Engineer: 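Can you keep this structure in mind? I'll have questions shortly.
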2 protein chains.
Amino acid sequence: MTDPLALVNALDDAGYRLTAPRRSVAEIVAGRAGHFTAAEIAAEARARGIHVGRATVFRTLDALERVEAVERIDIPGGGHAYVACEPAHHHHVVCSRCGRSVEVEDGRLAALVRSIGRRTGYRIDEHRLELYGLCTACQAAPEGSR
Amino acid sequence: MTDPLALVNALDDAGYRLTAPRRSVAEIVAGRAGHFTAAEIAAEARARGIHVGRATVFRTLDALERVEAVERIDIPGGGHAYVACEPAHHHHVVCSRCGRSVEVEDGRLAALVRSIGRRTGYRIDEHRLELYGLCTACQAAPEGSR
DNA sequence: TGCTAGATGATACACAGTCTCAGGTGGATC
DNA sequence: GATCCACCTGAGACTGTGTATCATCTAGCA
Ligand SMILES: [Zn+2]
Ligand SMILES: [Zn+2]
Ligand SMILES: [Zn+2]
Ligand SMILES: [Zn+2]
C-alpha cells in the first residue's frame, strides 16, 4: 500500500506526461500490498471498468521502473513481477504463498559482492538477490488454506 | 566444458532412460563454456544436423535441472538461461558480454540469509543470488569489440 | 487557443514454454 | 534374440508475455 501520488509525482519529476492511463495504473499499483504482474494490473483495470490498453500497462510499469518507483523481480518458475518500493538499492523477501514482500537492506551483501569480485576477477556491475519463503501470517495459517 | 558422460550418468542414476535425443542434448550442453538458452541448444542441434524436437530440448533441460546437473538462471532483461554446474548449492558470476560464468560458493551468504530470516520473521526456503559483470578477458578487450 | 512532441490503443507480431497425442523405443524379462 | 510396455518422442497447436507499428489523440506550453 503506497501513496498513488508518490508514483505519479515520480513520473512527473522525471519528465513523463501525466496522462489518465498512467494515473490509473499508478493508482492500481499503489493499492497492491505485495508483488503483482503486468497481467494482474491489466485485469484489475478491466474489472474496475477502466479502459487501459495492455501495451500501456507494460509501458507504464516500464516507466515506473526507470523512475525507480517500482522494481521488477523474477518469480521462481519463470515469470516476472513488480513490487512498489523505495528507490535505494535493496532486495526483497517475497512470501511464496500470499505474495506479500518485505524490503531488506543491502548492507552486508555489498561487502560480500565486492569480495566475490576480488576473488573471481570479474568486474561486477549488477547483482540480484531474491529471497522466497513464508511470511509470518502464512506460517501461522493452516497448511492447505488460502 | 563438462564431460558429457557426467550429464548422461546423472540422468541414468535418477532413473531417466538414455535415449538418443537426450544424449545429443547432453553432448551439446557439455560443450558449452558459459550459459546458454534452450533456443541455442535447439539451434546448435539443428546446425549439426541432429534432429531433436524443440519440446524435447525443454524437457531434457528440465530433467537435467531436476538432476542438478544444470541450473536455470534469470538473465537481466527477462530471459532465462542454463549453466552446467556442480550439484552443491552455489551461485554464478556471469559475464554480461561473453556469457562465461564462474561458480561461487554460498558460504557467507547462507549466514546472511539466516539473519534476514530472523529479522523479517519470514521462513526463507529459497534464495537466488546472481551476479553480472565483465570477466577478466572482456575487461581487457577493447571497448566495442566482440 | 493552437501546436507539437509525446502518449495511446488496436493490432500484429515474436518468442518462450507447455500440452496433446499418435507413434516410437529403451531396457527389463524371458 | 524376441516380446512388451512404460516411458519417451516429434509435430504442431496453444497460451502467455512482451514488443513493434502506426494512425489517432492529448498534455502541456506558448
Ligand atoms: Zn524494492
Ligand atoms: Zn504470506
Ligand atoms: Zn551452478
Ligand atoms: Zn566475458
Side-chain angles (χ1 to χ4, degrees), chain A residues 5 7-29 35-46 48-67 70-83, chain B residues 5 7-29 35-46 48-67 70-83:
Chain A
L5 228 55
L7 301 180
V8 171
N9 288 338
L11 290 177
D12 195 9
D13 294 349
Y16 287 96
R17 285 198 191 158
L18 301 186
T19 67
R22 282 179 179 161
R23 284 172 199 279
S24 303
V25 170
E27 190 173 333
I28 295 173
V29 165
H35 60 189
F36 52 84
T37 63
E40 281 165 17
I41 298 299
E44 184 167 339
R46 212 176 316 120
R48 289 204 205 170
I50 303 168
H51 184 97
V52 184
R54 212 166 55 88
T56 299
V57 172
F58 279 105
R59 287 190 282 235
T60 305
L61 288 174
D62 243 46
L64 285 171
E65 189 186 16
R66 225 160 319 163
V67 162
V70 133
E71 212 167 301
R72 182 165 146 170
I73 61 175
D74 304 304
I75 296 296
H80 300 111
Y82 297 83
V83 239
Chain B
L5 229 56
L7 301 180
V8 172
N9 287 339
L11 290 177
D12 195 10
D13 293 349
Y16 287 97
R17 283 197 192 160
L18 301 187
T19 67
R22 282 178 179 164
R23 285 175 198 278
S24 304
V25 170
E27 191 173 332
I28 294 173
V29 165
H35 59 189
F36 51 85
T37 63
E40 281 166 17
I41 298 299
E44 183 166 340
R46 212 175 318 117
R48 288 203 204 170
I50 304 167
H51 184 98
V52 184
R54 212 165 55 90
T56 299
V57 172
F58 278 104
R59 287 189 280 235
T60 305
L61 288 174
D62 243 46
L64 285 171
E65 188 185 17
R66 224 159 320 165
V67 161
V70 132
E71 211 167 301
R72 181 165 148 172
I73 62 176
D74 303 305
I75 296 296
H80 299 112
Y82 297 82
V83 240

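These values consider heavy atoms only, across backbone and side chains, with no hydrogens, waters or symmetry-generated copies. Since the model is a prediction, treat every value here as computed from it, not as a measurement. Residue numbering restarts at 1 for every chain, and letters A, B, ... go by the order of the sequence lines.
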Engineer: In terms of side-chain heavy atoms of B:R72, which of D:dG18, C:dG17, D:dT9 is nearest?
Structural biologist: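 The answer is C:dG17, which lies nearest to the side chain.
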Engineer: Mind checking whether B:V8 and B:R22 have side chains closer than 4.5 Å, heavy atoms only?
Structural biologist: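 Sidechains of B:R22 and B:V8: no contact.
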Engineer: A:F58 side chain: which of C:dC19, D:dT9, D:dG18 is closest?
Structural biologist: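 Comparing C:dC19, D:dT9, D:dG18 against the side chain of A:F58, the answer is D:dG18.
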Engineer: Tell me, please, which residues at least two apart from A:D12 pass salt bridge (Lys or Arg N to Asp or Glu O under 4.0 Å).
Structural biologist: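 Salt bridge (Lys or Arg N to Asp or Glu O under 4.0 Å) check on A:D12 returns nothing, list empty.
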Engineer: For D:dT9, does OP1 or OP2 lie under 4.0 Å from any side-chain N or O of B:T19?
Structural biologist: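 Answer is yes, contact under 4.0 Å.
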Engineer: Please work out if B:A39 contacts a base, only the sugar-phosphate, or nothing of the nucleic acid, heavy-atom cut-off 4.0 Å.
Structural biologist: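 Since only primed, P, OP1 and OP2 atoms lie under 4.0 Å of B:A39, the category is sugar-phosphate.
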Engineer: Using a heavy-atom cut-off of under 4.0 Å over every strand shown, decide if A:R22 touches base, sugar-phosphate, or nothing.
Structural biologist: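 Since only primed, P, OP1 and OP2 atoms lie under 4.0 Å of A:R22, the category is sugar-phosphate.
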Engineer: Take the protein atom CZ of B:R23 and the nucleotide atom P of D:dT9, then report the distance between them rounded to whole Å.
Structural biologist: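 After rounding, the reported distance stands at 12 Å.
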Engineer: With nearest nucleotides of DNA chain C determined for A:T60 and B:L18 from heavy-atom distances, which residue corresponds to the more 5′ nucleotide?
Structural biologist: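 Its nearest nucleotide being more 5', the pick is A:T60.
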Engineer: In whole angstroms, how far is the P atom of C:dA7 from the NE2 atom of A:H51?
Structural biologist: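 Distance check: A:H51 NE2 to C:dA7 P gives 18 Å.
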Engineer: Atom CG of B:D12 and atom C1' of C:dG26: how far apart are they, to the nearest Å?
Structural biologist: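 Answer to the nearest Å: 11 Å.
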Engineer: Could you state the CD-P distance from A:E65 to D:dT19, rounded to the nearest angstrom?
Structural biologist: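 Taking CD of A:E65 and P of D:dT19, I get 10 Å after rounding.
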Engineer: Quickly work out the A:R46 CZ to C:dG9 P distance and round it to whole Å.
Structural biologist: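 Atom-to-atom, A:R46 to C:dG9, this comes out as 13 Å.
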Engineer: Let me spell it out: for each of A:A55 and B:G53, pick the nucleotide of DNA chain D with the closest heavy atom. Which residue's pick is nearer the 5' end?
Structural biologist: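 That would be B:G53.
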Engineer: Checking only heavy atoms, does the side chain of B:R17 share a donor-acceptor pair with the base of D:dC7 at less than 3.5 Å?
Structural biologist: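 Indeed, a donor on one side and an acceptor on the other fall under 3.5 Å apart.
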Engineer: Answer with base, sugar-phosphate or nothing: what part of the nucleic acid does B:R54 contact at a heavy-atom distance below 4.0 Å?
Structural biologist: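 If one applies the 4.0 Å heavy-atom cut-off, B:R54 turns out to touch a base.
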Engineer: Has the side chain of A:R54 got a donor or acceptor atom that lies under 3.5 Å from a matching backbone atom of A:A42?
Structural biologist: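 No, A:R54 side chain to A:A42 backbone: no donor-acceptor pair under 3.5 Å.
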Engineer: Would you say the side chain of A:R59 and the base of D:dG18 hold a donor-acceptor pair, judged only by whether the two atoms sit under 3.5 Å apart?
Structural biologist: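 Absent.
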Engineer: Answer yes or no: is there a donor N or O on one side and an acceptor on the other, between the side chain of B:H80 and the main chain of A:G78, under 3.5 Å?
Structural biologist: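 Confirmed, B:H80 side chain pairs with A:G78 backbone.
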Engineer: What is the distance, to the nearest angstrom, from the CZ atom on A:F36 to the P atom on D:dT17?
Structural biologist: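 Rounded to whole Å, this separation is 15 Å.
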Engineer: Using whole Å, what does the distance between atom C1' of nucleotide C:dG9 and atom CD1 of A:I41 come to?
Structural biologist: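 Rounded to whole Å, this separation is 18 Å.
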Engineer: How many Å lie between NE2 on B:H80 and P on C:dC15, as a whole number?
Structural biologist: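 Between P of C:dC15 and NE2 of B:H80: 17 Å.
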Engineer: So A:R48 and A:I28, side chain to side chain contact (heavy atoms under 4.5 Å, CB included) or not? Walk me through it.
Structural biologist: CA-CA 10 Å; A:R48 289 204 205 170; A:I28 295 173; 3.9 Å; yes
